[in-house]
Amino acid sequence: VQLQAYGGGLVQAGGSLRLSCEASGMTFSNYGMAWFRQAPGKEREFVAAITWRRSTYYTDSVKGRFTISRDNAKNTVYLQMNSLKPEDTAVYSCAAGSSVGNMRFEDNYRYWGQGTLVTVSS
């Protein structure tokens, strides 16, 4: 199984980015998918998740600004990030796991991809 995340970059505060995570070697439609992030000097934290039925979950700090979605035909999960803030600066990683467990917990996820760096300048 491979998860390849891309789409990160440098953006000014208030700007937008869309992250993508392409999966291979798995039946993508069967998995819950999530994005986590890790800022410098901080622990990794949950950002957003989507079940195989497309129910979505978000951490409070990104509600109304970020949108997670999936395209099962392309084996890809997306994270649309709008109104970005400097505190959103982090390495963003995607993960694949159960859709029936607690999707906010790292232990729910079996597969992890390498991260993509998002830097938001003030």
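- Remark: D88 CG to F66 CZ distance equals 4.0 Å, nearest 0.5 Å.
- Residues satisfying the side-chain hydrogen bond (donor to acceptor under 3.5 Å, both in side chains) test with Q2, not counting sequence neighbours, are none.
- By the rule that hydrophobic residues join a cluster once side-chain heavy atoms approach within less than 4.5 Å of another member, W35 and V11 end up as members of one cluster.
- The two residues G115 and S93 make their nearest non-hydrogen contact at CA-OG, 3.6 Å.
- Side-chain contact between E45 and R37 is present, with at least one heavy-atom pair separated by less than 4.5 Å.
- Counted within 6.0 Å of CZ on F105, heavy atoms from surrounding residues, nucleotides or ligands total 12 or fewer; the atom is thus considered open.
- Under the salt bridge (Lys or Arg N to Asp or Glu O under 4.0 Å) criterion, K63 pairs with D60, not counting sequence neighbours.
- With hydrogens and angles disregarded, no donor-acceptor distance shorter than 3.5 Å links the side chain of T67 to the backbone of Q80.
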Subject >> Stepwise side chain to side chain contact (heavy atoms under 4.5 Å, CB included) check, M81 with V118 >> reply: CA-CA 10 Å; M81 305 185 294; V118 172; 3.8 Å; yes

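- Both L84 and L79 are assigned to one and the same hydrophobic cluster, defined by single-linkage of ILVMFWY side chains at heavy-atom distances under 4.5 Å.
- L117 and A90 get closest at one heavy-atom pair: CD1-O, 3.6 Å.
- With a 4.5 Å cut-off on side-chain heavy atoms, M33 and T76 do not count as touching.
- V47 and Y58 end up in the same hydrophobic cluster when Ile, Leu, Val, Met, Phe, Trp and Tyr side chains are linked at under 4.5 Å.
- Note that the OG atom of S83 and the CZ atom of R65 stand 7.0 Å from one another [nearest 0.5 Å].
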Identify all side-chain donor-acceptor contacts of residues 13-32 below 3.5 Å with residues at least two apart in sequence or on another chain.
unit_1: S16; atom_1: OG; unit_2: N82; atom_2: OD1; d: 2.9

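- Y92 is not connected to Y78 by any chain of hydrophobic side-chain contacts under 4.5 Å among Ile, Leu, Val, Met, Phe, Trp and Tyr, and they are in different clusters.
- Between the side chain of S55 and the backbone N or O of R53 there is no donor-acceptor pair closer than 3.5 Å.
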**OP:** Applying side chain to side chain contact (heavy atoms under 4.5 Å, CB included), run through T51 and R70 and close with a yes or a no.
**Re:** CA-CA 9 Å; T51 69; R70 65 190 297 159; 5.8 Å; no

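- Looking at heavy atoms from C-beta onward, T116 lies out of side-chain contact with V91 at the 4.5 angstrom threshold.
- Residue pairs that meet the salt bridge (charged side-chain N to carboxylate O under 4.0 Å, His left out) test with at least one member in residues 90-117, sequence neighbours left out, are R44-E106.
- The side chain to side chain contact (heavy atoms under 4.5 Å, CB included) search around T89 returns T119, V120, not counting sequence neighbours.
- Cluster partners of F36, using a side-chain heavy-atom cutoff of under 4.5 Å among ILVMFWY residues and allowing indirect links, are F46, Y57, M103, Y109, W112.
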